[in-house]
Colleague: 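First, the structure itself, so that you have it in front of you.
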Amino acid sequence: MPFINSQLSIAIVGGGIGGLILALQLQADGFKNVEIFEASRELKVIGSGINLQPSAVLVLRNLGLLPALEATGIKTADLRYYNQYGHHVVSEPRGEVAGYLIPQISIHRGMLHELLLKALKERLGHDCVHTDHVFTSYTQNETSITANFTKRSNPTLPAGIPSKTADVLIAADGINSTARKLLYPNEGPPNFSGRLLWRGVSKRAPFLTGRSMVWAGHADQKFIAYPVGREAELEGQSLVNWIAELRVRDKDDPDLIPPQANSGKVVPKERFASKFQSWTFGFLSIPELIEETKEVSEFPMVDRTPVSRWSVGRLTLLGDAAHPLYPSRIHS
Ligand SMILES: Cc1cc2nc3c(=O)[nH]c(=O)nc-3n(C[C@H](O)[C@H](O)[C@H](O)COP(=O)(O)OP(=O)(O)OC[C@H]3O[C@@H](n4cnc5c(N)ncnc54)[C@H](O)[C@@H]3O)c2cc1C
């Protein structure tokens, strides 16, 4: 085991998936002085599905979280591609079925977040996460770095709230990272791919193997569906996560600024549902799946141009703050 200074003080900005896993890994590596500063007032189970490939599950397995992941998510067995008419194109086994020693796990993002937070509080104590701390700026010198915050619940506080001085500061504050803006003030908003995503989750009868992921359509109109909930599976049901994707801006349009209004917001299904009206496949009716889903959220598909460095002195970017990617591949 390499020598570590277990008292090194490490401040993490952002209690999302990256921030929580980093804190768990640091704790496992022997660091005791780790704190997270999260902008939200409350950490709640929100979002839809996420797919953890075996390489990511391995990291979580090594943190002792595989039993909790398996009790919460679905061990994805196969990925099946179809065209827009529901004709089968090709299938491939996934995770353990494909011969990996570690499964691929499809899971509800909010439940993954809840599971990580529970493990972190058990291991580092309940006081390690400070909510309602919006990171605004920092200063650093040769021996320390200081992060400054304001409150989301009261952003007009003249003096903000107490700052945090630490040995290092890691900014895991997501794709619209404040830390990245401070390092790269001229970067502007993320790059828009020209495609919008609509996402929803619905409990229903299982389709195909009950552990199958379906990708249908083509680069400009796509539908992805896969089950994410073990509890529903034990009841003989499927908690199905789905994503509808449409090109809304021309391929050659030089405008890369994403449409802002509805990012992550619940929107009416009329914005996209009619385009999928005829996508009724033998094993799955996409119009029915959309119809039965209570809430649908809209996201622009965006990423960012890579930057030359993620670390400046005692500050480092991590996760989407450092290298945001599209949530699914684009086939053009
Ligand atoms: C629609 C969608 C689907 C996706 N599907 C997949 C998938 O299937 N598989 C996969 O691997 N990845 C997927 N991703 C990507 C994955 O969710 C992200 O890569 C991951 O969540 C990034 O983690 P993060 O911790 O860097 O950022 P986030 O999880 O976004 O967390 C950032 C945190 O920082 C907080 N924060 C923001 N600003 C501040 C501030 N100023 N001060 C303090 N806190 C702040 C936020 O409140 C948030 O809690 C998807 C992403 C999207 C948008």
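Every number for a ligand or one of its atoms is a count from 1 in the order of the listing. Just so we're clear, the structure is a prediction, and the values are computed from it rather than from any experiment.
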Colleague: So that I can tick it off, tell me whether Arg230 and Glu70 are bridged by a salt bridge, with the cut-off set at under 4.0 angstrom between side-chain N and carboxylate O.
Modeller: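 Looking at Glu70 and Arg230, the cut-off is not met.
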Colleague: List ligand 1 atoms under 4.0 Å from Ile17, heavy atoms only on the residue side.
Modeller: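 Numbered from 1, ligand 1 contributes 21 (O), 25 (O), 29 (O).
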Colleague: Return a yes/no value: protein heavy atom under 4.0 Å from atom 15 (C) of ligand 1?
Modeller: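 Within 4.0 Å: no protein heavy atom nearby.
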Colleague: When the ring planes of His130 and Phe37 are compared, do they come out parallel, tilted or perpendicular, using 30° and 60° as the limits?
Modeller: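 Plane angle under 30°, so parallel.
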Colleague: How are the rings of Phe272 and Trp198 set to each other: parallel, tilted or perpendicular (split at 30° and 60°)?
Modeller: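 Taking Trp198 first and then Phe272, their aromatic rings lie parallel (interplane angle under 30°).
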Colleague: Students should be able to answer this: which protein heavy-atom is nearest to atom 27 (O) of ligand 1, and at what distance?
Modeller: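 Of every protein heavy atom, Gly174 CA, 3.7 Å lies nearest to atom 27 (O) of ligand 1.
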Colleague: With no hydrogens and no angle check, just 3.5 Å: does a side-chain donor-acceptor pair link Thr305 and Asn191?
Modeller: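 Short answer, yes.
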Colleague: For atom 20 (C) of ligand 1, grab the closest protein heavy atom and report residue, atom and distance to one decimal in Å.
Modeller: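 Result for atom 20 (C) of ligand 1: Asp320 OD2, 3.9 Å.
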Colleague: Ignoring angles and geometry beyond distance, decide whether Ala39 reaches within less than 3.5 Å of ligand 1 through its nitrogen or oxygen atoms.
Modeller: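 N/O-N/O distance below 3.5 Å exists for this pair.
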Colleague: Do me a favour and list the nearest non-hydrogen protein atom to atom 49 (O) of ligand 1 with residue, atom name and distance?
Modeller: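 I find the closest protein heavy atom is Glu38 OE1, 2.7 Å.
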Colleague: What protein heavy atom sits nearest atom 11 (O) of ligand 1, and how far away is it?
Modeller: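 The protein heavy atom lying closest is Asn51 O, 3.9 Å.
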Colleague: Could you tell me, atom by atom, which parts of ligand 1 come under 4.0 Å of a heavy atom of Gly319?
Modeller: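 Under 4.0 Å from Gly319, ligand 1 has these atoms: 26 (O).
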Colleague: Can you tell me if CD on Glu231 sees more than 12 non-hydrogen neighbours from other groups inside 6.0 Å?
Modeller: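 At most 12 heavy atoms, drawn from other residues, nucleotides or ligands, come within 6.0 Å of this atom.
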Colleague: For Phe37, which part has a heavy atom under 4.0 Å from ligand 1: side chain, backbone, both, or neither?
Modeller: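 Contact part for Phe37 vs ligand 1: backbone (N, CA, C, O).
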Colleague: For ligand 1, which atoms sit closer than 4.0 Å to a heavy atom of Gly18?
Modeller: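 Close to Gly18: 23 (O), 24 (P), 25 (O).
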Colleague: Any side-chain donor paired with an acceptor under 3.5 Å for Thr293 and Trp242?
Modeller: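 The answer is yes; a qualifying pair exists.
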Colleague: May I ask you to list the atoms of ligand 1 that are less than 4.0 angstrom from any heavy atom of Arg109?
Modeller: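 Contacts of ligand 1 toward Arg109, numbered from 1: 16 (C), 17 (O), 21 (O).
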Colleague: Could you tell me, atom by atom, which parts of ligand 1 come under 4.0 Å of a heavy atom of Ser40?
Modeller: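 Counting from 1, the qualifying ligand atoms are 47 (O).
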Colleague: Please work out whether the ring planes of Phe281 and Phe283 are parallel, tilted or perpendicular, with thresholds of 30° and 60°.
Modeller: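 The rings of Phe281 and Phe283 sit tilted, inter-plane angle from 30° to 60°.
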Colleague: Looking at Val134, which atoms of ligand 1 are within less than 4.0 Å of one of its heavy atoms?
Modeller: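 With Val134 as reference, the close atoms of ligand 1 come out as 41 (N), 42 (N).
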Colleague: What is the closest protein heavy atom to atom 6 (C) of ligand 1, and at what distance does it sit?
Modeller: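 The answer is Ile50 CG1, 3.6 Å.
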Colleague: With no hydrogens and no angle check, just 3.5 Å: does a side-chain donor-acceptor pair link Ser40 and Glu38?
Modeller: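 A pair is found: one side chain offers a donor N or O, the other an acceptor, under 3.5 Å apart.
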Colleague: Considering heavy atoms of the protein only, find what lies nearest to atom 4 (C) of ligand 1 and give residue, atom and distance to 0.1 Å.
Modeller: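 The protein heavy atom lying closest is Pro327 CB, 3.3 Å.
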Colleague: Pick from Leu79, Val57, Asn51: which one makes a side-chain contact (heavy atoms from CB on, under 4.5 Å) with Gln104?
Modeller: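 Exactly one option meets the side-chain contact (heavy atoms from CB on, under 4.5 Å) with Gln104, and it is Asn51.
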Colleague: Show which atoms of ligand 1 fall inside a sub-4.0 Å distance from at least one heavy-atom site of Val13.
Modeller: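 Close to Val13: 42 (N), 43 (C).
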Colleague: Taking both backbone and side-chain atoms of Ile175, is any N or O found less than 3.5 Å from an N or O belonging to ligand 1?
Modeller: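 Min N/O separation from ligand 1 is not below 3.5 Å for Ile175.
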Colleague: Check this for me: does any side-chain nitrogen of one of Arg180 and Glu187 sit under 4.0 Å from a carboxylate oxygen of the other?
Modeller: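 Answer for the salt bridge query: yes.
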Colleague: To which protein heavy atom is atom 32 (C) of ligand 1 closest, and what is the distance rounded to 0.1 Å?
Modeller: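 The answer is Ala172 O, 3.4 Å.
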Colleague: For atom 36 (N) of ligand 1, which protein heavy atom lies nearest, and how many Å away is it?
Modeller: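 Going atom by atom, the protein heavy atom closest to atom 36 (N) of ligand 1 ends up being Asp173 CB, 3.8 Å.
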Colleague: Which class fits the ring pair Trp310 and His323: parallel under 30°, tilted 30 to 60°, perpendicular over 60°?
Modeller: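 Correct class here is tilted.
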Colleague: At a non-hydrogen distance cut-off of under 4.0 Å, which region of His133 contacts ligand 1 (side chain, backbone, both, or neither)?
Modeller: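 The part of His133 near ligand 1 is the backbone, not the side chain.
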Colleague: So, Glu291 and Lys269, do they make that salt bridge, N to O below 4.0 Å?
Modeller: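 No.
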